[in-house]
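In the text below, chain A, chain B and the rest are named by the order of the sequence lines, each starting its count at 1.
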Amino acid sequence: MSFDPFVLPFLLGMIYLLIILSWRYFKWLDELEVNDRYKFIRGLFSLNLFKAIRDVFSESLLHRKIFRANFFLGLMHMSLAFFWFLLIVVGSIESKLYSKYPFNAPHDPVFFKFFMHNFDQFRAHKYFFFFMDLFLLILLIAVAMALFKKFHSLFFGMKKTTRHRFVDRLARIFLWLIFPLRWLAESATAGIHNNGGFLTQSTGDFMASFMNLWYFEYPLWWLYSSALGAFFVILPFSRYMHIPTEVLLIFLRRFGIKNKNEIKGFANFEIQSCSSCGICINTCQMDAAANMKGQQAVYYLQKLRFKRNFEDPVFNCLMCMRCNYYCPVDIDIAHLRKLNRRKLMPALDNDHSYLDTAGIPVPEVSSRIIFFAGCMTHLRPGTIQAITKIFDVAEVDYWFADKEGSICCGRPMAMLGAGEEAQTMIQKNTQLFVNSGAKVLVTACPICLKMFRESYQLPMHVIHHTEFLKMLVAAKRITLSKTDASFVYHDPCELGRGLGEFRHVRELLRNIGNPDTTTYRKNTSLCCGGSLSNLKIRADQRKKITKDAFEKLVLKNPDMVITACPRCEQTFATVADRPVLDVSEFVEMQMTVPELTKPRVLVEK
Amino acid sequence: MSDKKFGFSIHSDRQHNLDLADKRLYRKIALMEPSLQRCIFCGGCASTCTASAFTQMSFRLISLHLRRGNLKEVKSYASKCMLCGKCTMVCPRDINIRHVIVLLKKEFSGNEF
């Protein structure tokens with residue numbers, strides 16, 4: 001084991017970092033529920049351990065998800081992460097092979113070239129020199145790319161980049177200094193002792209030609225060690241906390257530990273895994289279209305982590321979950337916002353007793369299927385007319401439960417953090433559905449659908465009307481004809497990213513025609529801007545978002561826009577220059593209505 | 001008017017002295033959601049209100065009573081709202097009605113008026 005005072009900054013910094021990390025991680029692991037702690041220990045001895053290691057490789061090192069956002073962005077992040085990892089691992093192997101001893105001090109591989117000059121006995125040294133220098137070269141290119149990104153971020157697909165905190169900028173300076181300083185230090189030693197690879201030897205020889213390396217060599221190693229030590233010391237208080245935390249997050253996820261209902265334990269791992277990469281800034285439509293600042297996911301997580309006022313980003317968010325989807329670390333940002341909504345919303349004094357005295361409508365004859373339009377659909381009578389007409393033609397045995405007006409499903413109230421206060425509404429609707437004796441609940445609104453599936457306990461199938469219409473077509477209860485018109489389909493946030501339903505509509509629409517291709521589809525679909533989850537946004541800001549989303553949707557100039565959500569339909573209709581239709585209206589247009597050959601019987605005896 | 005023995009006078013319930021109206025709550029809410037001041041009482045919200053099918057309730061009533069300083073009525077109506085959002089969707093003056101009602105509900109939560 002070698003030693004020189006200059007290794008102290010590195011060593012002390014590393015010990016300090018390990019102490020802080022252990023303290024934090026043990027605290028958070030302790031905050032996990034008992035079940036989750038059990039899962040963690042069990043997971044360590046299961047096959048999931050290897051799956052987790054594989055995930056760490058593909059995401060934390062190779063950054064595959066960032067490549068999906070932009071190739072050069074992925075290349076830059078990957079080069080830094082993966083090749084620094086290789087530098088450490090291969091350097092460690094090099095040091096152990098050289099000393100012929102399986103254990104060494106942590107600083108031995110880091111300052112290897114300073115201490116070890118004679119490689120005559122070490123036969124493989126040429127290969128190690130080559131690869132270590134190759135890794136260093138790639139790292140230097142990565143730092144150059146990062147510097148270039150500051151001036152030309154668009155080259156990396158980032159229209160806007162994160163406005164970093166002062167501490168983050170300082171930490172970045174330390175990080176960027178590490179590799180050039182290593183290069184200079186190793187080159188200085190190579191110039192004197194001839195122990196460099198292709199990069200460090202040539203640089204060392206060049207340096208030797210005009211400066212006295214004996215003078216500069218030692219200070220350069222001091223600087224290198226100090227840069228490392230400074231980076232370690234500042235890491236836990238900066239965005240680079242994501243480096244170790246992300247790894248642990250991946251392990252926790254693989255062991256089956258999930259988000260719960262409080263911002264502690266697992267949530268802390270998520271919050272401090274955010275690297276402030278800024279991909280979420282570019283995907284947030286409130287920023288891109290309406291120039292609204294401060295609520296993007298990265299700033300929300302910063303405010304949450306460093307205990308700043310986060311009331312605005314919590315309530316001023318469309319909860320469209322685009323940031324969720326694009327996050328390379330898969331942080332469930334929408335969930336973290338929702339948790340704080342409950343925290344910041346005081347218990348509201350609702351008086352819904354008038355619902356208790358209201359009678360529950362009961363169908364005249366019991367049907368197998370209930371159709372529930374919901375509040376938003378009632379604002380789109382065209383959709384209701386289309387659906388009821390289709391059901392009549394298909395001779396569906398259904399009961400239109402809220403024909404005379406609905407009790408709200410409760411999701412708008414729940415999304416504001418007041419879910420408990422919506423209990424009366426939930427109870428009355430549950431009674432309505434259960435009393436009817438139906439087996440299937442078909443709803444026209446994805447917002448209600450998500451609420452029924454996730455927050456109600458209904459003893460029946462709950463499906464969206466698009467899935468039901470698809471079933472009707474498949475069972476040949478209705479026949480559709482193809483259309484000559486061109487159209488584009490808009491995936492609603494609640495149906496798409498919210499419930500993962502993309503397939504049913506597309507299978508249904510295939511009977512009518514092929515939708516125009518658009519960049520914004522399925523998980524990358526844009527939000528219409530009409531979301532009820534945003535409590536504070538102004539109408540003019542919403543309009544900007546809607547217009548921008550609509551323009552992007554109709555880039556290929558379709559004749560009409562089709563969507564599966566009444567809220568989206570209404571929002572787009574206010575800015576549209578062409579028809580905006582619900583799927584049901586489109587289907588009704590293309591439906592062939594048979595001649596009535598026999599009297600229609602709505603109830604099969 | 002007070003010693004009239006015969007004839008009609010305006011019932012006290014229908015007298016509103018706007019000079020004595022306590023508009024502090026109205027001004028407080030208007031600071032946080034300025035669009036509230038644009039209300040023209042067209043009644044679009046009232047016609048679409050989900051709760052109005054079951055009880056007397058609309059944002060129009062809230063807007064009216066808020067400006068008249070009748071806080072008891074404001075609290076009573078605000079507590080009936082289901083926050084479904086239809087009123088906000090149809091408002092021709094683009095008032096963020098839902099935000100106003102949430103602010104009112106928060107004001108009244110736990111306070112006696």
Chemist: Could you walk me through whether B:N96 and A:K536 satisfy the side chain to side chain donor-acceptor pair (under 3.5 Å) test, starting with their C-alpha distance in whole Å, then the side-chain angles of each, then the deciding distance to 0.1 Å, before giving a yes or no?
Modeler: CA-CA 8 Å; B:N96 193 346; A:K536 299 174 93 175; over 6 Å; no

Chemist: Between CE of A:M425 and SG of B:C84, what distance do you get to the nearest 0.5 Å?
Modeler: 8.0 Å

Chemist: Measure the SG-NZ distance between A:C408 and B:K86 for me, rounded to the nearest 0.5 Å.
Modeler: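 Separation between the atoms: 9.0 Å.
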
Chemist: Heavy-atom distance under 4.5 Å to chain B: side chain of A:R567, backbone, both or neither?
Modeler: side chain

Chemist: For A:I407 and B:F54, run side chain to side chain contact (heavy atoms under 4.5 Å, CB included): C-alpha distance rounded to whole Å, both residues' side-chain angles, the deciding distance at 0.1 Å, then the answer.
Modeler: CA-CA 9 Å; A:I407 298 177; B:F54 306 98; 3.5 Å; yes

Chemist: Let me know if A:L532 has heavy atoms under 4.5 Å from chain B in its side chain, its backbone, both or neither.
Modeler: both

Chemist: Hey, could you give me the CE/CD distance between B:M82 and A:E421, rounded to the nearest 0.5 Å?
Modeler: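 Atom-to-atom, B:M82:CE and A:E421:CD are 15.0 Å apart.
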
Chemist: What distance do B:K80 atom NZ and A:H352 atom NE2 have between them, rounded to the nearest 0.5 Å?
Modeler: 10.0 Å

Chemist: Which atoms of B:C81 are under 4.5 Å from chain A, going by heavy atoms: the side chain, the backbone, both sets, or neither?
Modeler: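 For B:C81, the backbone is the part near chain A, not the side chain.
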
Chemist: To the nearest 0.5 Å, tell me how far A:L348 CG sits from B:F108 CZ.
Modeler: 12.5 Å

Chemist: What I'd like to find out is whether the side chain of B:T50 reaches to under 4.5 Å of the side chain of A:H378, using heavy atoms alone.
Modeler: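 No, their side chains stay 4.5 Å or more apart.
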
Chemist: Which answer fits B:M89, side chain, backbone, both or neither, if we ask what part of it has an atom under 4.5 Å from a heavy atom of chain A?
Modeler: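 It is both, since atoms from each part get that close.
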
Chemist: Is there a donor-acceptor pair under 3.5 Å between the side chain of B:D94 and the backbone N or O of A:D540?
Modeler: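 Not at all, since once roles are kept as given, no pair shorter than 3.5 Å links the two residues.
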
Chemist: Can you confirm whether A:K547 is buried at NZ, in the sense that more than 12 heavy atoms of other residues, nucleotides or ligands lie under 6.0 Å from that atom?
Modeler: no

Chemist: Report which part of B:T48 has an atom under 4.5 Å of a heavy atom belonging to chain A: side chain, backbone, both, or neither.
Modeler: side chain

Chemist: Given heavy-atom pairs under 4.5 angstrom as the criterion, report whether the side chain, backbone, both or neither of A:I537 touches chain B.
Modeler: backbone

Chemist: Show the nearest heavy-atom pair for residues B:A51 and A:Y354, with the distance to one decimal.
Modeler: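 That would be CB-OH, 3.4 Å.
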
Chemist: Check B:K105, B:K106, B:E107, B:K75 against A:D349 for a side chain to side chain contact (heavy atoms under 4.5 Å, CB included) and give me the one that passes.
Modeler: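 Testing each of B:K105, B:K106, B:E107, B:K75 against A:D349, the sole residue satisfying side chain to side chain contact (heavy atoms under 4.5 Å, CB included) is B:K75.
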
Chemist: Kindly compute the distance separating NE2 (B:H99) from CG (A:L535), expressed to the nearest 0.5 Å.
Modeler: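 Between B:H99 NE2 and A:L535 CG, I get 4.5 Å after rounding to 0.5 Å.
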
